[in-house]
Participant: 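Got a structure for you, written out below as structure tokens; questions coming shortly.
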Amino acid sequence: MMGTFSSGFLLCSLLVLLQKPGAQGVPPQARAGHLCRTRPTDLVFIIDSSRSVRPHEFEKVKVFLSQVIESLDVGPNTTRVGVINYASAVKHEFPLKAHRSKASLLQAVRKIEPLSTGTMTGLAIQFAINKAFSEVEGSRLKFPEISKVAIVVTDGRPQDGVKDVSARAKQSGIELFAIGVGRVDKHTLRQIASEPLDDHVDYVESYSVIEKLSKKFQEAFCVVSDLCATGDHDCQQICNSSPGSYTCSCRDGFTLNSDGKTCSACNGAAGGSATDLVFLIDGSKSVRPENFELVKRFINQIVDSLDVSDKLAQVGLVQYSSSVRQEFPLGRYKTKKDIKAAVKKMSYMEKGTMTGAALKYLIDNTFTISSGARPGAQKVGIVFTDGRSQDYINDAAKKAKDLGFKMFAVGVGNAVEDELREIASEPVAEHYFYTADFKTINQIGKKLQKKICVEEDPCACESIVKFQTKVEELLQALTQKHILSGQE
């Protein structure tokens with residue numbers, strides 16, 4: 001249920017889009033491709049294919065490898081890629097010098113077969129030091145500016161030691177990433193990985209979602225030449241690009257504030273349009289009580305940013321698991337104080353994940369006049385989920401959009417991206433968001449921070465700008481707390 005913690009950035013983006021219809025979003029893969037070049041790297045994948053990794057799971061690992069490779073500039077003078085396959089023994093599938101093109105690399109990855117024996121992770125890392133990252137196998141040791149990177153993927157406890165050999169690898173200049181799956185020993189991952197551990201250790205519950213981590217590594221290897229084009233900037237109105245950097249400016253009639261990012265032309269109170277906003281919160285058992293309390297705290301931070309009144313924003317809250325429960329309808333609470341008190345009282349349902357039923361409830365109950373919805377007000381639904389729905393969502397998702405509801409879908413961890421896209425309004429790239437973990441939330445937030453003010457109402461964005469700063473500080477605090485709790 002980690003996706004709920006990113007709701008602040010997403011609500012902020014929602015308000016931006018509502019104020020400026022037609023604003024262009026940045027697709028999740030925007031940084032891969034012509035807007036992004038990858039720095040030259042010697043990259044070696046070290047993949048566990050022990051007997052605990054089933055054949056169909058091993059195929060998922062190959063998909064992950066292929067997706068990362070797709071985002072790279074592959075060539076003898078750019079990025080070289082090798083693969084080590086290991087179980088009880090080590091097999092050098094292909095060295096760094098073997099493939100000079102992306103197409104050749106992808107074809108070689110498709111041919112890799114699992115070894116299906118033990119788990120000698122330490123032996124595989126030692127092989128990487130002695131063989132894979134040797135000059136004879138294609139590593140560019142004479143060029144210290146070329147990074148040496150190894151990504152270890154494993155799902156079990158190794159049958160040999162990894163601490164000392166990993167230390168030797170790091171001392172030799174190899175940057176180690178550790179990806180753990182399922183019942184992996186997380187202490188082993190921390191022993192393998194380079195510092196800082198927050199950036200070099202990743203965990204997924206199953207191989208079915210490992211490919212979603214490819215986005216993290218696409219980001220990690222990317223060197224952006226045009227930060228304005230990719231949306232990785234904080235400019236409120238106009239971004240002026242320079243190589244690897246940018247400056248901000250304002251439209252005619254606006255002046256740049258002292259922060260160098262935001263613009264002002266305000267003469268009166270902030271304005272806005274009437275919006276009926278409803279949160280559909282996944283309260284399934286995967287959330288856990290302590291995280292649910294963080295969700296409630298974070299919703300209240302969002303409420304603090306809104307102009308709550310009969311004429312502007314109304315808020316409703318629905319929680320769902322195996323059933324659907326309306327926590328409070330639109331318009332019941334007229335002040336931020338009352339809304340926040342009601343959120344604090346919300347109890348955790350802790351059952352299944354019936355997203356389809358929640359969407360149907362939104363249509364049949366929440367956005368009706370009898371439940372407080374206002375004729376003429378824009379209807380906005382934000383769905384947060386961290387897993388696959390246990391019921392059918394397509395019909396309800398389509399009907400919500402056909403009725404004119406603006407639907408945002410937010411997924412984290414094990415959320416199914418096809419379902420998120422099915423829920424999201426058009427254009428889908430602006431209305432669905434996915435992140436594998438906390439470490440990518442800030443990147444998503446930056447991509448979503450678009451031109452905030454509209455010419456007719458330049459002051460309407462002031463509270464949103466302040467809100468963005470507040471939310472980013474809270475996200476960092478929540479992220480740190482989550483990481484520390486995960487290492488205990």
Side-chain angles (χ1 to χ4, degrees), residues 1-8 10-11 14 276-300 302-303 314-333 339 342-368 370-373 379-401 403 405-425 431-435:
M1 193 66 189
M2 292 184 293
T4 49
F5 301 134
S6 62
S7 56
L10 298 165
L11 177 58
L14 162 67
D276 289 341
L277 173 64
V278 176
F279 293 96
L280 271 68
I281 304 298
D282 179 351
S284 57
K285 59 187 176 184
S286 60
V287 180
R288 297 194 301 272
E290 63 272 19
N291 285 338
F292 195 71
E293 290 303 310
L294 293 177
V295 173
K296 293 194 289 184
R297 174 183 167 189
F298 200 73
I299 291 173
N300 281 340
I302 296 170
V303 172
Q314 289 192 151
V315 178
L317 179 61
V318 174
Q319 183 186 172
Y320 72 94
S321 59
S322 296
S323 59
V324 182
R325 185 172 74 201
Q326 180 171 259
E327 301 296 343
F328 53 85
L330 290 161
R332 171 175 290 179
Y333 300 111
I339 293 172
V343 170
K344 289 179 181 178
K345 293 177 182 177
M346 178 172 56
S347 60
Y348 174 34
M349 296 179 76
E350 196 174 1
K351 293 183 181 177
T353 310
M354 302 292 281
T355 309
L359 290 167
K360 189 173 186 303
Y361 187 93
L362 184 77
I363 296 165
D364 296 340
N365 297 278
T366 311
F367 280 139
T368 61
S370 61
S371 292
K379 309 298 187 290
V380 180
I382 304 180
V383 182
F384 295 94
T385 182
D386 75 338
R388 181 184 294 276
S389 178
Q390 295 172 324
D391 61 353
Y392 186 70
I393 70 165
N394 295 44
D395 290 346
K398 182 178 184 300
K399 186 174 181 180
K401 291 177 285 187
L403 289 170
F405 303 161
K406 187 179 288 289
M407 299 299 297
F408 287 77
V410 184
V412 171
N414 292 333
V416 179
E417 290 193 70
D418 285 345
E419 291 185 356
L420 300 179
R421 285 189 285 266
E422 190 70 34
I423 294 168
S425 292
H431 294 84
Y432 104 90
F433 309 94
Y434 172 82
T435 180

Participant: Excluding sequence neighbours, so at least two apart, what forms side-chain hydrogen bond (donor to acceptor under 3.5 Å, both in side chains) with K344?
Facilitator: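 side-chain hydrogen bond (donor to acceptor under 3.5 Å, both in side chains) list for K344, sorted by chain: empty.
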
Participant: Who are the salt bridge (charged side-chain N to carboxylate O under 4.0 Å, His left out) partners of K379, not counting sequence neighbours?
Facilitator: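 So K379 forms a salt bridge (charged side-chain N to carboxylate O under 4.0 Å, His left out) with D276.
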
Participant: Is the shortest heavy-atom distance from the side chain of E419 to the side chain of R388 under 4.5 Å?
Facilitator: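 The answer is yes; the side chains approach within 4.5 Å.
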
Participant: What's the shortest heavy-atom distance between E422 and I393, and which atoms?
Facilitator: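 Minimum heavy-atom separation between E422 and I393: CB-CD1, 4.0 Å.
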
Participant: Report the residues that fulfil side chain to side chain contact (heavy atoms under 4.5 Å, CB included) with K351, sequence neighbours left out, ordered by chain and then residue number.
Facilitator: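 Expected list: S321, S322.
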
Participant: How close do K401 and M407 get, counting heavy atoms only, and between which atoms?
Facilitator: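 That closest heavy-atom pairing would be CG-CG, 4.2 Å.
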
Participant: Is a donor on one side and an acceptor on the other found under 3.5 Å between the side chain of Q314 and the backbone of G372?
Facilitator: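 Between the backbone of G372 and the side chain of Q314 there is a qualifying donor-acceptor contact (under 3.5 Å).
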
Participant: Kindly write out the residues that satisfy side chain to side chain contact (heavy atoms under 4.5 Å, CB included) with T368, not counting sequence neighbours, or none if the list is empty.
Facilitator: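 Once residues adjacent in sequence are excluded, the partners of T368 under the side chain to side chain contact (heavy atoms under 4.5 Å, CB included) criterion are S370, S371.
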
Participant: Side chains of residues 353-366: which donor-acceptor partners sit under 3.5 Å, not counting sequence neighbours?
Facilitator:
| from | atom 1 | to | atom 2 | distance (Å) |
| --- | --- | --- | --- | --- |
| T355 | OG1 | Y320 | OH | 3.2 |
| K360 | NZ | D364 | OD2 | 2.7 |

Participant: Atom CG of D282 and atom CE of M349: how far apart are they, to the nearest 0.5 Å?
Facilitator: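 That separation rounds to 10.0 Å.
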
Participant: Just say parallel, tilted or perpendicular for the rings of Y333 and F328, cut-offs at 30° and 60°.
Facilitator: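 Taking F328 first and then Y333, their aromatic rings stand perpendicular (interplane angle over 60°).
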
Participant: Working to the nearest 0.5 angstrom, can you tell me the gap between M346 CE and L317 CG?
Facilitator: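 So the gap between those two atoms works out to 5.0 Å.
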
Participant: With the side chain counted from C-beta on, respond yes when K399 and L403 share a heavy-atom pair under 4.5 Å apart, and no when they do not.
Facilitator: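 Yes, side chains in contact.
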
Participant: List the atom of F367, the atom of V380, and the distance in Å for their closest heavy-atom pair.
Facilitator: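 Heavy atoms of F367 and V380 come nearest at CZ-O, 3.3 Å.
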
Participant: With the threshold set at 4.0 Å, does a side-chain nitrogen-carboxylate oxygen contact exist between D395 and K398?
Facilitator: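 K398 and D395: not salt-bridged.
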
Participant: Begin with the C-alpha distance, continue with both residues' side-chain angles, and end with the deciding distance and a verdict on side chain to side chain contact (heavy atoms under 4.5 Å, CB included) for I423 and Y432.
Facilitator: CA-CA 8 Å; I423 294 168; Y432 104 90; over 6 Å; no

Participant: When you look at Y348 and Q319, which way does the side chain to side chain contact (heavy atoms under 4.5 Å, CB included) test go after all the steps?
Facilitator: CA-CA 9 Å; Y348 174 34; Q319 183 186 172; 4.2 Å; yes

Participant: Any side-chain heavy-atom pair from T385 and L420 closer than 4.5 angstrom?
Facilitator: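 The answer is yes, as the side chains (C-beta and beyond) meet within the 4.5 Å cut-off.
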
Participant: After noting the C-alpha distance and the side-chain angles of K345 and E327, does the key distance pass the side chain to side chain contact (heavy atoms under 4.5 Å, CB included) rule?
Facilitator: CA-CA 9 Å; K345 293 177 182 177; E327 301 296 343; over 6 Å; no

Participant: Who passes side-chain hydrogen bond (donor to acceptor under 3.5 Å, both in side chains) against S389, sequence neighbours left out?
Facilitator: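 Applying side-chain hydrogen bond (donor to acceptor under 3.5 Å, both in side chains) to S389 gives D391.
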
Participant: What pairs with S347 under side-chain hydrogen bond (donor to acceptor under 3.5 Å, both in side chains), at least two apart in sequence or on another chain?
Facilitator: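 Partners of S347 by the side-chain hydrogen bond (donor to acceptor under 3.5 Å, both in side chains) criterion, ordered by chain and then number, come out as R325.
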
